[in-house]
Every structure is written in structure tokens, then in C-alpha cells.
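Data first, discussion second: the structure below is written as C-alpha cells.
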Amino acid sequence: MDLGFEVDQRGSYTVLAVRGEVDVYTAPRLRERLIELVSQGSHQVVVDLEGVDFLDSTGLGVLVGGLKRLRSHDGDMILVCTQPRILKVFEITGLTKVFSIHDTVESATAG
Amino acid sequence: MDLGFEVDQRGSYTVLAVRGEVDVYTAPRLRERLIELVSQGSHQVVVDLEGVDFLDSTGLGVLVGGLKRLRSHDGDMILVCTQPRILKVFEITGLTKVFSIHDTVESATAG
Amino acid sequence: MAAAGEAVRPLGWDEADVELEIPARAEYVSLARLVVSSLASSRRDLADDRIDDLKLAVSEACTNAIEAYEPAGEERVVLHWRDEQDRLEVDVQDHGPGFDPSTLPERPSVADPMRPNYERGLGVPLMRALVDEVEFASSDDGTSVIMILFCPPVTPDGE
Amino acid sequence: MAAAGEAVRPLGWDEADVELEIPARAEYVSLARLVVSSLASSRRDLADDRIDDLKLAVSEACTNAIEAYEPAGEERVVLHWRDEQDRLEVDVQDHGPGFDPSTLPERPSVADPMRPNYERGLGVPLMRALVDEVEFASSDDGTSVIMILFCPPVTPDGE
Ligand SMILES: Nc1ncnc2c1ncn2[C@@H]1O[C@H](COP(=O)(O)OP(=O)(O)O)[C@@H](O)[C@H]1O
Ligand SMILES: Nc1ncnc2c1ncn2[C@@H]1O[C@H](COP(=O)(O)OP(=O)(O)O)[C@@H](O)[C@H]1O
């Protein structure tokens with residue numbers, strides 16, 4: 001099972017597009033990617049989840065960890081997600097209140 | 001697991017396009033379809049296997065049975081198949097010598 | 001007779017029981033998901049979003065079962081699938097150290113202002129929210145998590 | 001160290017053993033195929049056509065195991081998957097009446113002019129042609145079919 005990543009710089013935003021299933025096996029790779037971005041100086045990170053087929057609590061934990069790390073650098077993490085089954089996971093866990101979630105990368109990077 | 005069928009008349013040929021996996025569970029439906037066609041007077045039958053993802057020995061047996069039934073009515077069965085993994089099953093079992101196998105429905109119905 | 005004369009759904013408890021035993025390793029959780037979603041899809045009475053819910057709940061249970069063994073050795077996780085007319089049940093068993101489920105919060109505390117600090121502890125709340133019933137049976141000998149989805153009977157035409 | 005430091009492939013015999021137990025019913029053969037092709041795909045050293053070969057061989061073995069029980073009751077078919085560095089093994093077990101494999105033809109008789117009359121008997125020849133080794137162990141107590149694919153070691157860069 002593969003997790004795919006694509007990184008794209010859009011103005012002051014670094015867009016990390018994730019593809020595949022984020023679970024206990026693959027989530028460590030997402031964590032590494034996020035840590036890498038922060039250590040390279042990307043502090044405004046957009047995580048595009050439109051290509052994600054599955055996201056579990058381990059994946060949520062990695063995103064929350066990334067958000068905390070970015071905030072400690074006065075940065076932020078913005079999510080792009082319109083898939084109902086992925087949004088549902090954020091809703092159940094109350095994380096829609098923690099993340100700002102946008103419909104498109106354009107709108108996420110418009111700020 | 002569904003097996004899909006589409007029937008199309010092309011001149012004197014009846015084209016049965018099969019979609020899905022043909023195995024011990026679904027093969028009886030293919031058998032019924034073939035028997036139905038013969039009993040409705042279709043004696044030149046083209047079975048289009050291009051939409052078949054999986055074909056096992058039960059499926060082969062049903063095709064052989066259909067061929068025998070058609071031949072007993074002075075008819076014939078022509079197959080359409082270009083997928084290597086499906087062709088391989090005919091080759092291993094020596095059935096490439098029994099069926100005439102074409103690349104397209106057009107060529108199968110050209111005779 | 002039901003309209004769907006072709007019995008896709010297995011008929012009885014024992015007969016319909018599928019068992020999957022996997023090594024207690026993270027890379028096998030996706031296999032458990034695959035099996036559960038394939039079995040659930042063959043029941044024609046489950047909507048896609050319910051299948052997704054079950055798949056995620058089972059995945060969380062398998063993840064916890066595997067993490068219970070840390071550091072992982074040659075331990076195993078066993079999943080049972082049982083089909084019945086009006087429900088389906090999945091249980092996930094490990095022989096890890098066990099835990100006391102009553103110490104866990106009943107529901108996700110969605111309004112908790114400390115939520116952003118929670119990088120863990122989301123699995124059980126998710127499971128509770130996603131399926132109709134979750135039961136934990138845990139002892140020194142291990143844990144069994146039973147998850148149930150109720151499937152309201154579809155009234156066939158002409159009955 | 002191998003280039004693929006991330007061990008996708010399980011490490012040892014026991015650890016890597018996956019077991020799937022299904023009811024002896026035709027509708028479950030597709031699940032066995034799904035499990036086998038998913039496990040085989042996670043081994044990066046197998047080409048797609050080899051995965052297809054194994055999937056078909058296992059499917060044939062499951063079909064025979066199920067048919068051995070006719071008329072089907074509450075019997076079960078058990079599939080084991082074992083990963084090793086240089087091979088993978090699948091066995092399919094039933095507790096049907098058993099049979100004498102030595103009475104079956106070794107190879108498909110492709111040149112047999114009577115072939116068009118064969119609507120059955122294609123399963124075992126297919127299995128024999130598709131995988132590197134097939135072994136039948138059959139007695140009054142049932143049958144176990146062991147199928148083996150050899151996986152030539154991929155020499156990692158830098159070794
Ligand atoms: N199968 C299990 N065996 C042992 N402990 C478990 C098991 N399942 C859950 N737990 C305990 O319940 C806690 C909460 O689980 P969960 O909500 O999934 O969050 P997390 O796994 O992120 O900690 C775990 O940290 C663990 O202590
Ligand atoms: N697991 C099994 N249990 C009992 N008999 C078996 C088993 N597998 C194969 N056989 C016997 O071997 C024969 C040949 O099998 P096969 O080549 O698959 O063709 P088919 O199943 O179409 O007859 C079967 O008809 C059956 O008598």
C-alpha cells in the first residue's frame with residue numbers, strides 16, 4: 001500500500017497533496033513529510049486530502065501533530081477536503097473546529 | 001459480485017458481451033444466458049470477453065458446453081478476446097484450438 | 001419468496017462466519033479493511049457510507065490490537081465476520097495485555113477546547129460513533145472488540 | 001542493508017502466515033482471490049501476470065474444495081498464505097471425501113482431439129501449469145492443495 005505525495009509552492013503556501021490510504025502503516029510517512037516541510041522553513045502548509053481514499057485516527061493524529069508543530073513556528077495548516085467520508089472523520093472527532101477546511105487549493109491559498 | 005451481459009444482433013450474429021468475473025459462483029448465469037440465446041434461435045453466437053476480468057475453468061467449461069450446444073444446431077461460437085491473462089487460460093487448456101478467437105467484434109462478425 | 005431470490009447473503013450464523021487471522025503488524029490492517037469492505041458490499045442492503053463506517057471502525061480496532069502488542073513479535077490478530085439477516089457483526093481479537101474500557105470517554109468530546117492537543121485517543125470514540133454497537137471484552141488474556149451494524153430488513157415487493 | 005529498508009515483505013514463516021477461513025460456498029471464492037492478490041501485490045517482487053496466475057490457481061483449488069462438499073452444508077475451506085524470502089506458498093484445505101490425485105492427468109492434453117468434449121477436468125491442469133509447484137495431500141479426512149511460486153531474489157543496488 002503506497003502513500004503518494006506531491007509538493008507545490010504557491011506564493012507563501014506550500015501545498016502537500018496526499019494520495020492513497022493514511023493508516024497506522026502509512027501515517028509515519030505523512031508525519032515525516034510534514035516534519036521535513038517545517039524544517040525546510042515551510043510554515044504555511046496546505047494539505048490537500050482530495051486524493052486520500054482512507055483516513056483513520058492515526059492519520060488525524062499526524063495532522064494534529066503537524067498543526068501544533070506549525071503553530072509553534074507561528075505557522076498554520078489548512079486542509080483541502082470535500083469528500084464526505086473523509087470530512088465525516090473530522091466531524092465525529094470535533095476536528096472541524098480545529099482545522100480550517102477548504103473546498104479547493106485555490107481557496108485555501110487565497111488568504 | 002456481478003456478472004453483466006449485453007446482447008446485440010449484428011446481421012446473422014448474436015453478440016453477447018460479458019462483463020465481470022466468471023467463476024464457480026457466476027458461471028451458471030453465463031450458462032443460462034447461452035442456453036437462452038440458443039433456445040431463442042441464435043445459432044451464430046459471438047461471446048465478447050473483453051470486459052471479463054477473470055475467467056476460471058468453470059467459465060471455460062460453460063463456453064465449451066455452449067459451443068457444443070451451438071454446433072449440435074449447426075451453429076458456432078466465436079470468441080472476442082485480446083487480454084493476455086484471459087487468452088492464457090485458453091492456451092494452457094488447449095482451447096485456442098477449439099474456439100476461433102478474434103480481436104474485435106467487427107472481425108468476429110465479418111465472416 | 002423474497003424478490004432477491006439469489007441468496008447473496010449467507011443464510012445462517014455459523015455458515016456465514018468468515019475468519020481472517022493476520023500477523024500483528026501494521027501492514028496487514030489494509031487487508032482486514034479489504035476483507036470487511038468486500039464482505040459488506042456483497043450484502044446488498046448496506047449503503048456505501050455504512051460500509052465505509054464499518055471499514056474504518058474495524059481498521060481502528062485492528063490498529064489498537066496491533067499496538068497492544070508493542071513491541072510486536074509473532075503475535076496474531078483474529079477477525080471474525082458474522083452475517084445475520086438483521087445485522088452484521090465483526091469482532092477483532094488480540095492476546096495483548098488488555099485494558100479497562102470504562103476509563104475511556106464514552107463519546108468524543110467535540111467541544112473540548114484542548115482538542116488540538118489530542119494526537120491520540122481518537123480511535124475508540126470513532127469506533128463508538130461509526131457503528132451501532134461496540135462492545136469491549138478485555139482481560140489479562142487479551143481484548144475482543146465486537147462491532148455491530150444493524151441492517152433494517154428491506155421489505156421485498158409483493159410481500 | 002537492502003535498498004528497500006522498509007520491510008513490506010514479512011520477515012519469517014510464522015509471522016507472515018495469514019489464514020482465511022470461509023464457508024464452503026461458491027460466493028466466497030472471490031474473497032479468497034481478493035486476499036491472495038492483495039497479499040501478492042504487497043510483495044514488490046512479483047510481476048502482475050504471476051499474481052494473476054497465482055490468483056487463478058488458488059481460485060481453482062477453492063472451487064474444488066467447495067465442490068468436494070456437494071451438497072454443501074456448513075463446511076469450511078481454509079486458506080493459508082505463507083511468505084518467505086524466495087517463495088510464497090498458499091494452501092487450501094477442505095475436509096471433503098478426498099481423491100486420488102495420481103489418477104489425474106499430469107499436464108493438460110492440449111492436442112487431444114476430444115478436447116471440445118471436456119467441460120470439466122480443466123482445474124487441476126490449470127493449477128499445475130500456473131504455479132511452480134502443486135502438491136496434493138488427500139485422504140479420507142480431506143484434501144490439502146499446496147501451491148508454490150518461487151520468487152528469485154532481487155539483488156538490491158549497492159550490495
Ligand atoms: N485492544 C486493545 N488492547 C489494549 N489496550 C487497548 C486496546 N484498544 C484500546 N486500548 C487502550 O485504549 C486507549 C485508547 O485507544 P484509542 O481511542 O484507539 O486511541 P489510541 O490508540 O490513539 O491511544 C489506547 O491507548 C489503549 O490504552
Ligand atoms: N479438494 C478436492 N476434494 C476432492 N476431490 C477433488 C478435489 N480437488 C480435485 N478433486 C477431484 O479431481 C477432479 C478434477 O478436478 P478439476 O481438474 O479441477 O476438474 P473439475 O473440478 O472440473 O472436475 C475433480 O472432479 C474431483 O474428482
Side-chain angles (χ1 to χ4, degrees), chain B residues 1-4 19-32 34-35 49 52-79 81-101, chain D residues 22-34 36-37 47-70 72 77 92 104-105 107-131 134:
Chain B
M1 201 177 43
D2 281 317
L3 203 61
R19 232 174 333 91
E21 307 198 345
V22 187
D23 74 352
V24 63
Y25 182 52
T26 61
R29 282 177 246 167
L30 177 58
R31 179 185 293 115
E32 282 158 29
L34 289 172
I35 291 176
L49 299 173
V52 167
D53 309 309
F54 179 84
L55 180 78
D56 75 352
S57 69
T58 325
L60 291 177
V62 165
L63 292 174
V64 170
L67 178 67
K68 280 165 59 181
R69 187 177 294 263
L70 285 163
R71 289 207 175 143
S72 75
H73 287 81
D74 295 318
D76 203 5
M77 180 188 286
I78 303 174
L79 303 181
C81 182
T82 61
Q83 298 185 78
R85 63 176 160 183
I86 305 292
L87 283 174
K88 183 172 188 172
V89 181
F90 286 93
E91 277 153 20
I92 293 174
T93 52
L95 289 172
T96 41
K97 300 221 172 74
V98 171
F99 288 102
S100 95
I101 304 182
Chain D
I22 53 173
R25 298 156 61 117
E27 61 263 45
Y28 289 96
V29 176
S30 62
L31 183 67
R33 287 200 299 272
L34 190 68
V36 163
S37 61
D48 282 354
D49 62 334
R50 296 264 285 169
I51 296 176
D52 284 336
D53 290 352
L54 180 66
K55 194 169 125 179
L56 178 51
V58 170
S59 193
E60 297 291 345
C62 291
T63 298
N64 283 347
I66 287 168
E67 289 181 340
Y69 286 121
E70 265 0 314
V77 172
V92 174
L104 300 179
R107 297 255 145 218
S109 51
V110 295
D112 186 339
M114 295 301 287
R115 170 60 81 202
N117 290 317
Y118 291 176
E119 288 172 52
R120 312 230 22 178
L122 300 173
V124 171
L126 267 174
M127 286 161 54
R128 288 196 163 122
L130 290 167
V131 295
V134 188

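A, B, ... follow the sequence lines: proteins, then strands. Residue 1 opens every chain.
From Lys88(B), atom NZ reaches atom CG of Leu56(D) across 9.0 Å, with rounding to the nearest 0.5 Å. Rounding to the nearest 0.5 Å places CG of Asp56(B) at 7.0 Å from CZ of Arg33(D).
Of all the listed residues (Asp48(D), Thr63(D), Val29(D)), the one sharing the greatest number of non-hydrogen pairs under 4.5 Å with chain B is Thr63(D).
In this structure, Ser30(D) and Phe54(B) have side chains that are not in contact, with every pair of non-hydrogen atoms separated by 4.5 Å or more.
For chain D, the nearby part of Leu55(B) is the backbone; its heavy atoms alone come within less than 4.5 Å. Within the 4.5 angstrom heavy-atom criterion, only side-chain atoms of Asp53(D), from C-beta onward, approach chain B.
A pairwise comparison of heavy atoms in Ser57(B) and Leu126(D) identifies CB-CD1, 3.9 Å as the closest pair. Of all the heavy atoms in Val24(B) and Ala26(D), the pair that sits closest is CG1-CB, 3.9 Å.
Within 6.0 Å of CZ on Arg50(D) lie more than 12 heavy atoms contributed by other residues, nucleotides or ligands.
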